Amino acid sequence: GIAVERSVDMIVGLLAILKAGGAYVPLDPDYPRERLEHMVADSAIGMLLTQSPLRLQIPCPQGCEVLELDVLDLDGASERNPAVSLHGDNLAYVIYTSGSTGKPKGVGVPHHGLAEHAQVAVGFFGLSSSDRMLQFSTINFDGFIEQLFPPLCVGAGIVLRGPMLWDSDTFYRELINKRITVADLTTAYWFLL
């Protein structure tokens, strides 16, 4: 449905950011406005990549460029592969802590850290190109990283859950129907199941 299409758009956007040499900061539109304002200001974003229905939920500093993926006109855009040279120490993304000690703290992860983590996760999960991994975590949680990049590294499939948490019946049905072979779930969700 629409939620899965939005997830696909954001994953494509995220990969485009990395390919272009940028770094991303995941911003959950359901976070409190004050938290989002802090994250946007602290990370000093220069461009907001979003979707039109969510645009007003995300604060954007003056002078920040905004691209809405769902209405972006790509006719006439270059199809060339950008030749961007990256160093392993270049920033890949900034993720914010829960802020249990006050304001959320940004943690920057360089490309080499992302690449190394993805390769370790491939080995940990024993992933191969025949696998289908469940994208259970949302983009603003660390689990998202090990549910997206490792399967992409080996050519495995990724099954998007969408924003609604599955009850145990739905989880079982989707596991079978979508032929999911790897599900990396939180402890709390395992207890729920």
Side-chain angles (χ1 to χ4, degrees), residues 6-31 35-51 54 58-61 63-67 69 72 78 80-129 131 133-158 160-161 182 184-187:
R6 287 184 182 155
S7 295
V8 170
D9 283 351
M10 290 311 292
I11 289 171
V12 169
L14 189 153
L15 294 173
I17 290 166
L18 293 174
K19 186 159 184 78
Y24 71 91
V25 179
L27 301 168
D28 186 335
D30 293 330
Y31 279 168
R35 178 181 171 94
L36 287 171
E37 287 170 351
H38 169 74
M39 292 166 65
V40 165
D42 185 64
S43 63
I45 64 171
M47 177 183 289
L48 176 62
L49 186 63
T50 188
Q51 295 149 338
L54 305 175
I58 307 289
C60 189
C64 181
E65 187 175 352
V66 177
L67 293 178
L69 287 171
L72 194 58
S78 173
R80 281 187 329 116
N81 187 16
V84 176
S85 187
L86 290 173
H87 186 277
D89 288 331
N90 287 121
L91 190 61
Y93 68 96
V94 176
I95 195 150
Y96 279 79
T97 65
S98 62
S100 59
T101 60
K103 295 244 184 235
K105 308 280 188 293
V107 177
V109 178
H111 279 267
H112 75 83
L114 175 58
E116 290 169 18
H117 183 76
Q119 292 305 317
V120 167
V122 164
F124 176 77
F125 292 120
L127 290 175
S128 73
S129 61
D131 280 308
M133 188 162 195
L134 175 62
Q135 180 67 64
F136 180 82
S137 294
T138 59
I139 193 171
N140 50 303
F141 288 109
D142 282 332
F144 177 87
I145 299 303
E146 66 188 37
Q147 295 165 10
L148 177 68
F149 292 104
L152 289 178
C153 287
V154 297
I158 300 169
L160 302 176
R161 175 177 60 88
V182 180
D184 177 25
L185 308 174
T186 64
T187 303

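Computed from a predicted model, the values in this text were never measured in an experiment.
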Flag, side chain of Asp28 to backbone of Asp30, donor-acceptor distance under 3.5 Å: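 Checking the backbone N and O of Asp30 against the side chain of Asp28, a donor-acceptor pair under 3.5 Å is found.
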
Partners passing ring-ring contact (aromatic ring centres under 6.0 Å, His included) against Tyr24 (at least two apart in sequence or in another chain):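 Once residues adjacent in sequence are excluded, the partners of Tyr24 under the ring-ring contact (aromatic ring centres under 6.0 Å, His included) criterion are Tyr93.
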
So, taking the atom named [atom1] in [X] and the one named [atom2] in [Y], what distance separates them when rounded to the nearest 0.5 Å?
{"X": "Gln119", "Y": "Leu114", "atom1": "CD", "atom2": "CG", "value": "10.0 Å"}
{"X": "Ile58", "Y": "Glu37", "atom1": "CD1", "atom2": "CD", "value": "11.0 Å"}
{"X": "Arg35", "Y": "Leu27", "atom1": "CZ", "atom2": "CG", "value": "10.0 Å"}
{"X": "Leu69", "Y": "Gln51", "atom1": "CG", "atom2": "CD", "value": "6.0 Å"}
{"X": "Leu49", "Y": "Met10", "atom1": "CG", "atom2": "CE", "value": "5.0 Å"}
{"X": "His38", "Y": "Ser43", "atom1": "NE2", "atom2": "OG", "value": "9.0 Å"}

Close side-chain approach of [X] and [Y], heavy atoms under 4.5 Å:
{"X": "Tyr96", "Y": "Val25", "answer": "yes"}
{"X": "Ile95", "Y": "Ile145", "answer": "no"}
{"X": "Lys19", "Y": "Asn81", "answer": "yes"}
{"X": "Arg161", "Y": "Leu134", "answer": "yes"}

Shortest non-hydrogen contact from [X] to [Y]?
{"X": "Thr97", "Y": "Pro104", "result": "O-CB, 3.5 Å"}
{"X": "Asn140", "Y": "Thr138", "result": "OD1-OG1, 2.8 Å"}
{"X": "Ile139", "Y": "Leu14", "result": "CD1-CD1, 3.5 Å"}

Identified side-chain contact (heavy atoms from CB on, under 4.5 Å) counterpart of Leu48 within the set Val66, Val40, Leu67: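 By the side-chain contact (heavy atoms from CB on, under 4.5 Å) criterion, Leu48 pairs with just one of Val66, Val40, Leu67: Val66.
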
Residue from Leu91, Asn90, Asp89 passing side-chain contact (heavy atoms from CB on, under 4.5 Å) with His111: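 Exactly one pass, corresponding to Asn90.
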
Worked check of side chain to side chain contact (heavy atoms under 4.5 Å, CB included) between Met39 and Tyr31: CA-CA 10 Å; Met39 292 166 65; Tyr31 279 168; 4.1 Å; yes

Please tabulate, one pair per line, all N/O donor-acceptor pairs under 3.5 Å involving side-chain atoms of residues 147-156, not counting sequence neighbours.
| from | atom 1 | to | atom 2 | distance (Å) |
| --- | --- | --- | --- | --- |
| Gln147 | OE1 | Gln135 | NE2 | 3.3 |
| Gln147 | OE1 | Phe136 | N | 2.8 |
| Gln147 | OE1 | Ser137 | N | 2.7 |
| Gln147 | NE2 | Ser137 | OG | 3.3 |
| Gln147 | NE2 | Asp184 | O | 2.8 |

